[in-house]
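Whatever order the structure lists them in is the order used to number ligands and atoms, beginning at 1. Computed from a prediction, not measured in an experiment: that's the story for all the values here. Numbering of residues begins at 1 and proceeds along the displayed sequence.
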Amino acid sequence: MWTPNRRARPAWAKIRLIVLHSTGGSFASAISWLMNKASQVSAHYVVSRAGAVKKLAPLSDVTWHAGKAEWRGETRVNDISVGIEMEHIDGRQDWPAKQVAAVVALIGALRAVYGPLPVTSHAYVARPRGRKVDPVGCPWAEVPPPTEV
Ligand SMILES: [Zn+2]
């Protein structure tokens with residue numbers, strides 16, 4: 001079952017970017033929240049600390065993860081991106097190797113289909129700057145470039 005918080009990706013919008021997030025809570029609670037119509041938020045994937053990957057929407061749909069945001073002058077960031085939520089409580093948890101490996105594999109699979117998509121953080125694209133800080137302490141050195149964070 002897909003999240004109700006999605007809509008068809010507009011015809012003009014090609015996937016050009018991957019945006020990484022922290023859930024701020026457990027894997028199960030994040031999925032529950034992102035699947036709840038009342039939340040009005042979503043992402044394409046949630047990756048657990050153990051490395052499990054849950055897909056919540058097809059890539060042909062836009063998910064609602066970036067909020068007010070901008071990337072290279074484009075303010076419709078959700079329309080051009082894939083959103084990946086990582087089970088992580090900012091400032092209170094480490095980044096398990098299994099989780100990082102699962103995220104890196106997912107990025108690799110997406111790039112195999114869509115080309116060398118840059119990877120960025122919610123903190124980098126959120127507007128006004130400082131509105132979001134996630135994912136805090138993400139081990140960017142382990143994420144193959146290009147990254148913009
Ligand atoms: Zn976020």
Side-chain angles (χ1 to χ4, degrees), residues 2-7 9-10 13-96 98-111 114 117-149:
W2 299 131
T3 175
N5 304 326
R6 63 191 164 88
R7 62 180 171 81
R9 201 177 289 278
K14 290 199 163 29
I15 291 174
R16 293 164 51 199
L17 180 67
I18 295 169
V19 182
L20 300 185
H21 300 261
S22 299
T23 57
S26 74
F27 187 55
S29 65
I31 291 169
S32 174
W33 181 242
L34 301 170
M35 295 290 287
N36 183 342
K37 189 164 176 55
S39 77
Q40 293 288 292
V41 292
S42 57
H44 291 93
Y45 300 94
V46 188
V47 181
S48 81
R49 290 173 60 77
V53 178
K54 171 78 173 170
K55 188 173 183 180
L56 302 183
L59 295 165
S60 55
D61 282 352
V62 170
T63 56
W64 305 338
H65 55 94
K68 186 167 168 46
E70 183 176 343
W71 180 72
R72 295 185 184 174
E74 176 56 72
T75 55
R76 291 164 293 189
V77 173
N78 286 337
D79 285 349
I80 61 158
S81 66
V82 175
I84 301 176
E85 289 276 358
M86 303 181 290
E87 179 189 17
H88 181 84
I89 300 175
D90 288 320
R92 286 173 45 191
Q93 289 181 319
D94 61 354
W95 292 93
K98 282 185 177 172
Q99 182 178 33
V100 174
V103 171
V104 168
L106 179 55
I107 291 167
L110 291 166
R111 284 174 170 167
Y114 296 100
L117 303 170
V119 180
T120 192
S121 63
H122 197 188
Y124 185 83
V125 297
R127 296 292 182 274
R129 285 193 185 278
R131 184 175 69 81
K132 293 288 180 178
V133 298
D134 64 308
V136 170
C138 181
W140 292 105
E142 297 181 46
V143 178
T147 57
E148 283 183 25
V149 293

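- Nearest to the Zn ion (ligand 1), among the N, O or S atoms that H122 has, is ND1.
- Proximity of a side-chain donor or acceptor of R49 to a complementary backbone N or O of S26 within less than 3.5 Å is not detected.
- Salt bridge status for R72 with E74: absent, with no side-chain N to carboxylate O gap under 4.0 Å.
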Working for ring pair (Phe, Tyr, Trp, His ring centres under 6.0 Å), residues H122 and H65: CA-CA 8 Å; H122 197 188; H65 55 94; 7.3 Å; no
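- The atom of D134 that is an N, O or S and sits closest to the Zn ion (ligand 1) is OD2.
- For the Zn ion (ligand 1), the nearest N, O or S atom contributed by H21 is named ND1.
- Open room surrounds NZ on K68; 12 or fewer heavy atoms of other groups in view lie less than 6.0 Å from it.
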